[in-house]
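The structure under discussion appears below in the form of structure tokens.
Just so it is clear, the values below take in all heavy atoms, side chains as well, and ignore hydrogens, waters and symmetry mates.
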Amino acid sequence: MTNYDEIDFSPIQSLTDDEVITHSPVRDIRLASGKVLALITLDNGRDHKRPNTLGPATMTELGQTLAGLAARAAAGEIQAVGITGKQYIMAAGADLSDISRVGSKANARLVAQLGHKVLGSLSELGVPTFAFVNGLALGGGLEIALNSTYRTVDASAAAIALPEVFLGIIPGWGGAYLLPNLIGIENALEVVISNPLKQNRMLKPQQAYEYGVFDAIFGSANYLEDSLKWADGVLGGTIKVERKSVPGKIERTVKWPVAIKMARGMLESRIGRVPRSPYVALELLEKARSGTKAEGFAREDEALADLVTGDQFAASMYAFDLVQKRAKRPVGAPDKALARTVTKVGVIGAGLMASQFALLFVRKLQVPVLITDLDQARVDKGLDYIRDEIGKLEAKGRLDGDTANKLRGLIHGTTDKSEYADCDFVIEAVFEEVGVKQQVFEEIEQIIAEDAILATNTSSLSVAEIGSKLAHPERLVGFHFFNPVAVMPLIEIVKTSQTSDAALSTAFVVARGLGKNAVLTADAPGFVVNRLLAKVMGEAARAVYEGTPVERVEKAFAPLGLPMGPFQLIDLVGWKVAAHVQDTMAQAFPERFYANENFHALAELPEIVEKDKGGRVTGWTKAAEKVLKPAVGSSPVEDATILRRVQDGLAEEIHLMLAEGVVPEVEDIDLCLILGAGWPFIDGGASPYLDREGASERVFGDTFHHPVIRGIGG
């Protein structure tokens, strides 16, 4: 058993040089019963935009504060200790920038041990401890509460979560042991593993309370007052805390191993075996069903030290920095003062994609939105879809009644294009064919104001060619969404040689208004995401047409760590869309991109692939096999060859894209892949992975990053 009091933590004090310290001042509160509760309020002295974080200096100070309170408790001066945060914030967890600079595995272990020493002491003060979670509580912020005797939560707290697995590590300050022993294995699996893998989903306070994470929940108006009154009742025995979620003997012996087995199967089906942290977390949760807290903490120490020094955490920190910083300050975006004010949006089309656009614009911008199509029946179908979706959001409580009615009133459909005259921003969502897009823009340009902005959602066509017949091509900008429109956070904003700064600025401001992250790209075939996905899908198709079984091709791509295999991705994107993109890329770069005419015949089938319960492709349907048979060769390719082809192909394409100026820097390509294609954080996008795998050196004799982004090892 680790004796944390005997450990020398001085080697990690160097990490405190740039730390924004979260201080832990104490004030005594005399409760109605006469008992004294010493209340710690975590506060880094900044506003809510800079959450409290828990770096080494912060933890050292908090440890000293708690040691002082233990002495006061022993002297009978206080009967309880409470801990809360500054307004709206408990704590956002460990300071990740500190952790990423630990320098050695030994130091990483010390970071874990310091957290266990300090937070673990919350249960060893000699008096009950109360965590009053008054706001955001992530990672170590939630683990403060888990280490306390009792917990309350503010019903309006922004989010409650243990997001570590999303970043390639594990809850390392008690979360992996304490949580399952508090709320049961099934709920713990959801919080520790499932939620982080679902785009880092957070818990709402009510949900966390229902799971048993908290003993009481109070409204924000008198949150601290109500929590203190409740704590007084607990101390006096008038309030009994019953924890129905704490696992009993039957759960530990029967349900626990079954839940772990099912979770492991789910992980293998959904994410493969490449990501390490979900499986390490699963192992910790499995072992938490027995043994002591000290043993659980020691396991967390070793697991965290191992993961923090690995390649996947280094890549995750690179990806995290891109999403948290670069995505919020788009490179190349003109001054937002140049943007046209958008008071009305026009969407050309009323199909599913157009209707999704219209719903997003009206929800986020809350301005009038107009849709049109060839006939009123199609328009009405689009309007019905939008209104139904608003109704669903209202039913789920995501919109109140007044807002829902307002949004319904802002949506309008017509076949009379003259109604577009006062639109400031018009986006097309019509068939992916240059001539069709040119025709609708030519028609609408005669109607709208000269300074209105036109946007095309093309996924791979030349924006300049689409705008070549416009009287004012400078007003046209590419505005490429990703499916599903409401969920995917990326918009590729495409600039032609003629696009004006006003059009570009408006596009960036609108994207921000929609809650999306925008990346500026040049007008090149496939832009960023589709160009690289076309490389992935093309190499998969090449292997199949050479004679490799589809399930083996899917397996060969597994080391990339993508959220789905290439044919599972094609099935999601749509076979016709994928065939069109492949044709576009093969036409632009015939020497580098693969396309096969047979792919179009395949795309005409209603069902093409067979899948398992996890959605993984396991083979072709009989109809697909029949279509494929005359086009498939008899020279199957080895898994290693397939993987090397796609690695080298991606490295070559990214290198060429940078040389062509498609984006300013490789960071923009990785950001696009993370936000637009779900490329995993543990790869850091594509470029750090390709550097580590040697593809960059093989293709162009250098690396994308200097030094290569990788873990610090032992």
Can you tell me if Gln312 and Ser277 form a side-chain donor-acceptor pair at under 3.5 Å?
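Note: Gln312 and Ser277 side chains miss the donor-acceptor criterion.
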Residue pairs passing the ring pair (Phe, Tyr, Trp, His ring centres under 6.0 Å) test where at least one lies in residues 249-306, sequence neighbours excluded
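For residues 249-306: His116-Phe297.
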Verify the neighbour count for atom NZ of Lys328: are there more than 12 heavy atoms of other residues, nucleotides or ligands below 6.0 Å?
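Enclosed.
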Quick one: CG on Leu119 to CG on Leu66, what's the gap to the nearest 0.5 Å?
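Nearest 0.5 Å value for the CG-CG distance: 8.5 Å.
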Roughly how far apart are Met59 CE and Thr65 OG1, rounded to 0.5 Å?
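These two atoms lie 11.5 Å from each other.
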Strictly by salt bridge (charged side-chain N to carboxylate O under 4.0 Å, His left out), give each pair with a member in [range] just once, sequence neighbours left out.
| range | value |
| --- | --- |
| residues 164-178 | none |
| residues 70-93 | Asp28-Arg72, Arg72-Glu77 |
| residues 177-189 | none |
| residues 256-285 | Arg264-Glu286, Glu268-Arg273, Arg276-Asp306, Glu283-Lys287 |

Stepwise side-chain hydrogen bond (donor to acceptor under 3.5 Å, both in side chains) check, Asp301 with Tyr4
CA-CA 11 Å; Asp301 290 337; Tyr4 294 119; 2.8 Å; yes
Given 3.5 Å as the limit, does a donor-acceptor pair link the side chain of Ser245 with the main chain of Ile183, or not?
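Judged by distance alone, no pair lies under 3.5 Å.
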Without placing hydrogens or testing angles, list every side-chain donor-acceptor pair under 3.5 Å for residues 198-209, not counting sequence neighbours.
unit_1 : atom_1 : unit_2 : atom_2 : d
Gln206 : NE2    : Glu210 : OE2    : 3.1
Gln207 : NE2    : Tyr211 : OH     : 3.0

Determine whether Ser123 and Asn147 satisfy the following criterion, side-chain hydrogen bond (donor to acceptor under 3.5 Å, both in side chains), listing intermediate values before the conclusion.
CA-CA 6 Å; Ser123 63; Asn147 278 279; 5.5 Å; no
If you apply the rule side-chain hydrogen bond (donor to acceptor under 3.5 Å, both in side chains), what do you find for Glu190 with Asn187, and how did you get there?
CA-CA 5 Å; Glu190 183 171 339; Asn187 287 340; over 6 Å; no
I'd like to know whether Thr129 forms a side-chain hydrogen bond (donor to acceptor under 3.5 Å, both in side chains) with Thr149, so could you lay out the CA-CA distance, the side-chain angles of the two residues, the decisive distance to 0.1 Å, and finally the verdict.
CA-CA 5 Å; Thr129 52; Thr149 318; 3.0 Å; yes
For Tyr177 and Glu300, work out which heavy atoms get closest and say how close.
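Nearest pair, atom of Tyr177 first, then Glu300: N-OE2, 3.0 Å.
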